[in-house]
Amino acid sequence: MIQLELENLFSPEKIGNVQIKNRIVRSATFMRSAEKYGYVDKKIFDIYKELARGGTGLIISGFTAVDPGGMASPYQACLYDDSFIPGQKKLVEAVHEFSEVKIAAQIAHTGRQGYHPKYHPVAPSPIPFKMTGLTPRELTTDEIQELVQKFINAGCRAYTCGYDLIQLHAAHGYLLSNFISPYTNKRTDNYGGNTQNRLKILIDIYNGLRDELGKNFPVTAKLQVEDFIPNGLKLEEGVEYAKALSEIGYDAIEPSGGGGDAQNLTKKAYPSLVIKSPEEENYFLPHVKKIKPYMNKCKLILMGGIKNPIFAEKVLQENIADFISMSRPLIYEPDLPIRWKKGDLSPAKCISCNGCYMTMRLGPVYCVTKKRLEKRKK
Ligand SMILES: Cc1cc2nc3c(=O)[nH]c(=O)nc-3n(C[C@H](O)[C@H](O)[C@H](O)COP(=O)(O)O)c2cc1C
C-alpha cells in the first residue's frame with residue numbers, strides 16, 4: 001500500500017510519451033561493471049535487475065561511450081558500434097521484465113577530461129586539464145560534425161536496443177559540457193563565441209535524433225548549469241541553456257554541475273558532494289527553482305544529495321520538480337524506493353561520503369560504509 005505521505009512520489013508521470021511508474025530516477029552511475037572493452041556482462045545485469053526489483057521507476061545507465069576515444073575508463077559500457085547492440089538489448093529486456101520499470105541510456109564522450117592510452121583528448125578549445133596533465137587537441141568544425149553524428153548514431157542504437165529514452169551527458173566537464181562552458185569553449189566558429197553558439201552542439205544532436213527517430217523517443221539531457229569555478233559557467237547562463245533546450249523540445253532536463261576542475265579547486269567534489277549535515281542535502285535545489293518557470297512541457301529532475309522521502313514529496317507537491325534522482329543512496333540501498341513505499345520513511349542510509357567514488361578505480365563500484373558495517377556485525 002502506498003503511504004499517503006508519499007502520494008506524489010509514487011504517482012506516475014510521463015517523460016515525452018513514456019510513462020514512468022513513480023517519480024524516482026536512478027541518476028546515471030558508472031559502476032565499472034561492463035567487461036573490459038565495453039560489452040555488457042553478468043555484473044551489469046545483476047546491478048540493473050537489483051535496481052529494477054528495488055522499485056526505481058526510471059534507471060539511467062552509467063556513462064555509455066559514443067566513440068572509442070570518448071571512453072572515460074575501461075569496463076565502461078559502449079554504444080559506438082553495432083557490435084554492442086545484442087548485449088545491450090538483452091540488458092534492456094532483463095530490466096523490462098520488472099513491471100513497468102523504464103531504462104534510459106546515458107550517451108557520452110569524455111572530451112577534455114579524456115585519459116586513454118590510444119587516444120589524445122579532444123575538446124572545443126585547447127584548455128589544459130590539471131587532473132590528467134594533458135592539453136586537449138582543438139576539434140575542427142568538420143570533426144565536431146562527425147561527433148554530432150556519433151551521438152546521433154549511438155542514440156539510434158539505444159533505440160534499437162529497446163531503451164525507453166536517452167539522456168545526453170552534457171555535464172561534469174565531459175565533451176558536451178566543454179562546449180557550453182565559456183571556460184572551455186573559446187571558439188570563434190558557429191560552435192562558440194556566445195551563449196547560442198555554445199549550445200549549438202546540443203541542438204544539432206537533438207535535431208539529428210528527431211530526424212532519425214521522430215517525436216516518440218524521448219531525448220533528455222543531464223545539463224551543466226554551473227561550473228563552480230572562476231570564469232566558468234554561471235547559473236544565469238545555465239538557466240538560459242535549460243530554457244532554450246525546453247523551447248526546442250527536449251523532453252527532460254536533469255540539472256547538474258561541477259566536474260574535474262571544480263573538484264580540484266573547491267575540494268567540494270561536485271557533482272557528488274560530501275554531505276556532513278542535513279542542511280547540506282539537496283544542493284541543486286536553488287538551481288532547479290530558478291529553472292522550473294521556463295520548463296513548460298519539459299520535465300525537470302532534481303538531483304544531488306536527496307535522501308529524505310518527506311523532502312522529495314514536498315518538492316513534487318510544490319511543483320518545484322517533476323522527478324527526483326539519486327545515485328549514491330541507491331548504491332547503498334538498491335531497494336530504497338520499496339522501503340519507502342512500504343512505509344519506512346527514514347532517510348537513505350547513504351552518508352554521502354564518496355567512498356563509492358573511490359571504488360571506481362578497481363570496480364565494481366560498491367558502498368564502502370555498508371561493507372564496513374556488515375563486516376563489523378560479523
Ligand atoms: C560511483 C559514481 C559514478 C557516477 N557516474 C556517473 C555517470 O556515469 N554519469 C553521470 O552523469 N553522473 C555520474 N555520477 C554522478 C551521479 O549521477 C550524481 O549526479 C551525483 O552522485 C549526485 O547525486 P547523489 O547525491 O544522489 O549521489 C556518478 C556518481 C558516483 C558516486
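Start at 1 with the first residue, then count along the sequence. These numbers were taken from a predicted model, which means no experiment stands behind them. Counting convention: from 1, in listed order, for ligands and their atoms alike.
The N/O atoms of Ser272, backbone and side chain alike, include one that comes under 3.5 Å of an N/O atom in ligand 1. Checked against a 3.5 angstrom limit, the closest N/O atoms of Lys222 and ligand 1 fall inside it. For ligand 1, the polar-atom distance check finds no N/O of Ser256 at less than 3.5 Å from any of the ligand's N/O atoms. For ligand 1, the polar-atom distance check against Gly305 finds a nitrogen or oxygen pair separated by under 3.5 Å. For ligand 1, none of its N or O atoms has an N or O atom of Pro329 under 3.5 Å away. Considering backbone and side-chain atoms alike, Phe30 places an N or O below 3.5 Å from some N or O of ligand 1.
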Checking salt bridge (charged side-chain N to carboxylate O under 4.0 Å, His left out) for the pair Asp261/Arg112: CA distance, chi angles, key distance, verdict?
CA-CA 11 Å; Asp261 293 311; Arg112 175 173 170 262; 2.7 Å; yes
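Between Gln167 and Val219 the shortest side-chain heavy-atom distance does not fall below 4.5 Å.
Between Thr29 and Arg328, the side chains place no donor N or O within less than 3.5 Å of an acceptor N or O (distance only, hydrogens not considered).
Between Lys150 and Glu146, no side-chain nitrogen of the basic residue sits less than 4.0 Å from a carboxylate oxygen of the acidic one, so the salt-bridge criterion is not met.
Considering Lys42, Lys43, Glu50 as possible partners of Asp46, the one that fulfils the side chain to side chain contact (heavy atoms under 4.5 Å, CB included) test is Lys42.
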What pairs of donor and acceptor atoms, side-chain ones from residues 368-378 against any protein atom, are under 3.5 angstrom apart with sequence neighbours left out?
residue : atom : partner : partner atom : Å
Lys370  : NZ   : Tyr332  : O            : 2.9

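Evaluated by nearest non-hydrogen atom to atom 8 (O) of ligand 1, the leading choice among Tyr270, Tyr366, Phe63 is Phe63. Among Gln106, Met358, Arg328, the residue whose heavy atom lies closest to atom 24 (P) of ligand 1 is Arg328.
Contacts between Met31 and ligand 1, counted as non-hydrogen atom pairs separated by less than 4.0 Å, are absent for every part of the residue.
Between Phe84 and Tyr39, the two ring planes are parallel [angle under 30°; tilted spans 30° to 60°].
Of all atoms in ligand 1, listed by their number and element, those nearer than 4.0 Å to a heavy atom of Pro271 are 22 (C).
A distance below 6.0 Å separates the ring centres of Tyr159 and Phe217.
Nearest to atom 22 (C) of ligand 1 among the protein's heavy atoms is Tyr283 OH, 3.4 Å. Here the heavy atom of the protein found nearest to atom 14 (N) of ligand 1 is Ala28 O, 3.4 Å.
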